[in-house]
K.L.:
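Handing you a structure now.
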Amino acid sequence: MELLIMVYACRTSCAKTISGVIPYFPYSKQCKMRKRGSIVSKLLASMMCKAGLTHLITMDLHQKEIQGFFNIPVDNLRASPFLLQYIQEEIPDYRNAVIVAKSPASAKRAQSFAERLRLGIAVIHGEAQDAESDMVDGRHSPPAARNISAIHPTLEIPLMFPKEKPPITVVGDVGGRIAIIVDDIIDDVDSFVAAADTLKERGAYKIFVMATHGLLSSDAPRLIEESAVDEVVVTNTIPHEIQKLQCPKIKTVDISMILSEAIRRIHNGESMSYLFRNIGVDD
């Protein structure tokens with residue numbers, strides 16, 4: 001709301017251009033319609049455009065398609081070059097590492113990292129989803145009818161059976177290797193802790209977790225400190241100084257340089273293509 005009010009104030013003061021710098025775009029995970037729910041990312045995009053924003057700079061959107069919700073130019077910068085540099089400089093034996101996707105959904109990102117580092121890839125399959133079940137969070141309302149014909153005698157709707165999760169398996173060899181789990185957002189760390197435990201059981205001797213946005217909400221620092229994870233590496237798109245004091249395993253990679261360069265290039269009317277060099281399609 002503060003951003004929208006400031007943007008609208010600039011607009012009513014006849015500003016020529018209004019550029020918003022939002023390193024972490026909020027509600028970016030809510031970018032798809034789930035059953036008949038709302039697409040919150042679309043709502044935020046519409047509000048920002050309506051308020052008067054003329055350009056948006058952000059970093060590592062959860063889904064690149066979110067850019068299509070805006071009718072203004074959006075520069076979705078990437079943090080992967082900084083994270084790759086950290087791997088090469090701060091992990092001494094990184095050649096013995098394997099890039100791990102904690103779910104099939106993040107396999108593309110892991111593949112992009114693995115190809116540029118020339119490393120192997122592993123995928124954890126069968127892990128419980130991050131989202132709560134419908135029964136737990138109250139979205140399963142009204143209760144499903146046991147007998148469809150009781151509602152309408154002539155209506156025959158085939159029953160939808162819930163998906164059953166297969167047992168957790170690791171596709172790929174992690175025995176005696178360094179496991180580097182990559183993702184875009186670390187908020188609720190339960191899934192990362194479960195993935196680390198699975199990798200330890202399969203023989204990985206060191207486990208790193210790397211992500212762009214480190215929300216680390218609730219008691220995430222305590223869970224990380226007590227887990228099998230050796231190090232959590234996030235960028236400073238979101239301030240997390242308090243979490244770092246609570247857990248020394250959390251490390252920060254500074255990405256302010258690319259944001260400041262983007263601001264400078266937009267202000268001077270220069271090309272932004274240089275900031276997107278060597279960026280893969282799946283990155």
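Side-chain atoms are counted along with the backbone in the values below, which use heavy atoms only and exclude waters and symmetry mates.
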K.L.:
Can you tell me how far CD1 of Ile66 sits from OG1 of Thr58, rounded to the nearest 0.5 angstrom?
P.N.:
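It is 8.5 Å, given to the nearest 0.5 Å.
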K.L.:
Do Leu199 and Ile181 come within less than 4.5 Å of each other through their side chains, counting heavy atoms only?
P.N.:
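Heavy-atom side-chain distance check passes, below 4.5 Å.
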K.L.:
Which side-chain N or O atoms in residues 38-49 pair as donor and acceptor under 3.5 Å with protein atoms at least two apart or in another chain?
P.N.:
| from | atom 1 | to | atom 2 | distance (Å) |
| --- | --- | --- | --- | --- |
| Ser41 | OG | Tyr27 | O | 2.8 |
| Ser41 | OG | Gln30 | O | 3.3 |
| Ser46 | OG | Lys42 | O | 2.9 |

K.L.:
For residues 224-246, which residue pairs qualify under salt bridge (Lys or Arg N to Asp or Glu O under 4.0 Å), counting only residues two or more places apart or in two chains?
P.N.:
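The answer is Arg222-Glu226.
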K.L.:
Can you list everything that forms a ring-ring contact (aromatic ring centres under 6.0 Å, His included) with Tyr24? Sequence neighbours excluded, please.
P.N.:
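Tyr24: ring-ring contact (aromatic ring centres under 6.0 Å, His included) contacts with His213.
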K.L.:
Partners of Arg118 by side chain to side chain contact (heavy atoms under 4.5 Å, CB included), sequence neighbours excluded?
P.N.:
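Scan of Arg118 (side chain to side chain contact (heavy atoms under 4.5 Å, CB included), adjacent residues dropped) gives Arg95.
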K.L.:
According to salt bridge (Lys or Arg N to Asp or Glu O under 4.0 Å), does anything in residues 198-210 pair up with another residue at least two apart or in another chain? List the pairs.
P.N.:
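Not a single pair qualifies under salt bridge (Lys or Arg N to Asp or Glu O under 4.0 Å).
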K.L.:
Can you name the ring-ring contact (aromatic ring centres under 6.0 Å, His included) partners of Phe25, sequence neighbours left out?
P.N.:
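Here the qualifying residues are Phe70.
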K.L.:
Under the rule for ring-ring contact (aromatic ring centres under 6.0 Å, His included), what residues qualify as partners of Phe69, not counting sequence neighbours?
P.N.:
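Checked Phe69 against ring-ring contact (aromatic ring centres under 6.0 Å, His included); zero matches.
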K.L.:
Taking side chain to side chain contact (heavy atoms under 4.5 Å, CB included) as the definition, give me every residue that meets it alongside Lys64, ordered by chain and number, with sequence neighbours left out.
P.N.:
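For Lys64, the residues satisfying side chain to side chain contact (heavy atoms under 4.5 Å, CB included) (neighbours in sequence not counted) are Gln67, Asn76, Arg78.
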K.L.:
Does anything in residues 230-275 pair up under ring-ring contact (aromatic ring centres under 6.0 Å, His included), and if so which pairs, sequence neighbours excluded?
P.N.:
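Residue pairs with at least one partner in residues 230-275: there are none.
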K.L.:
Sequence neighbours left out, cut at 3.5 Å: what donor-acceptor pairs do the side chains of residues 4-13 make with other protein atoms?
P.N.:
| from | atom 1 | to | atom 2 | distance (Å) |
| --- | --- | --- | --- | --- |
| Arg11 | NH1 | Lys50 | O | 2.6 |
| Thr12 | OG1 | Tyr8 | O | 3.0 |
| Thr12 | OG1 | Ala9 | O | 3.0 |
| Ser13 | OG | Ala9 | O | 2.8 |

K.L.:
Any chance CD1 of Ile242 has more than 12 other-residue heavy atoms, nucleotides or ligands included, within less than 6.0 Å?
P.N.:
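No, because the 6.0 Å sphere around CD1 of Ile242 holds 12 heavy atoms or fewer from other groups.
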K.L.:
Could you list the residues that satisfy side chain to side chain contact (heavy atoms under 4.5 Å, CB included) with Ala196, not counting sequence neighbours?
P.N.:
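Result, side chain to side chain contact (heavy atoms under 4.5 Å, CB included) vs Ala196: Ile207, Ala228, Val229.
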K.L.:
With sequence neighbours left out, write down each residue that passes side-chain hydrogen bond (donor to acceptor under 3.5 Å, both in side chains) with Arg36, or none if nothing qualifies.
P.N.:
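Residues passing side-chain hydrogen bond (donor to acceptor under 3.5 Å, both in side chains) with Arg36: none at all.
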K.L.:
Counting only N and O atoms by type, is there a donor-acceptor contact under 3.5 Å from the side chain of Asp197 to the main-chain atoms of Ser227?
P.N.:
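Between the backbone of Ser227 and the side chain of Asp197 there is no qualifying donor-acceptor contact (under 3.5 Å).
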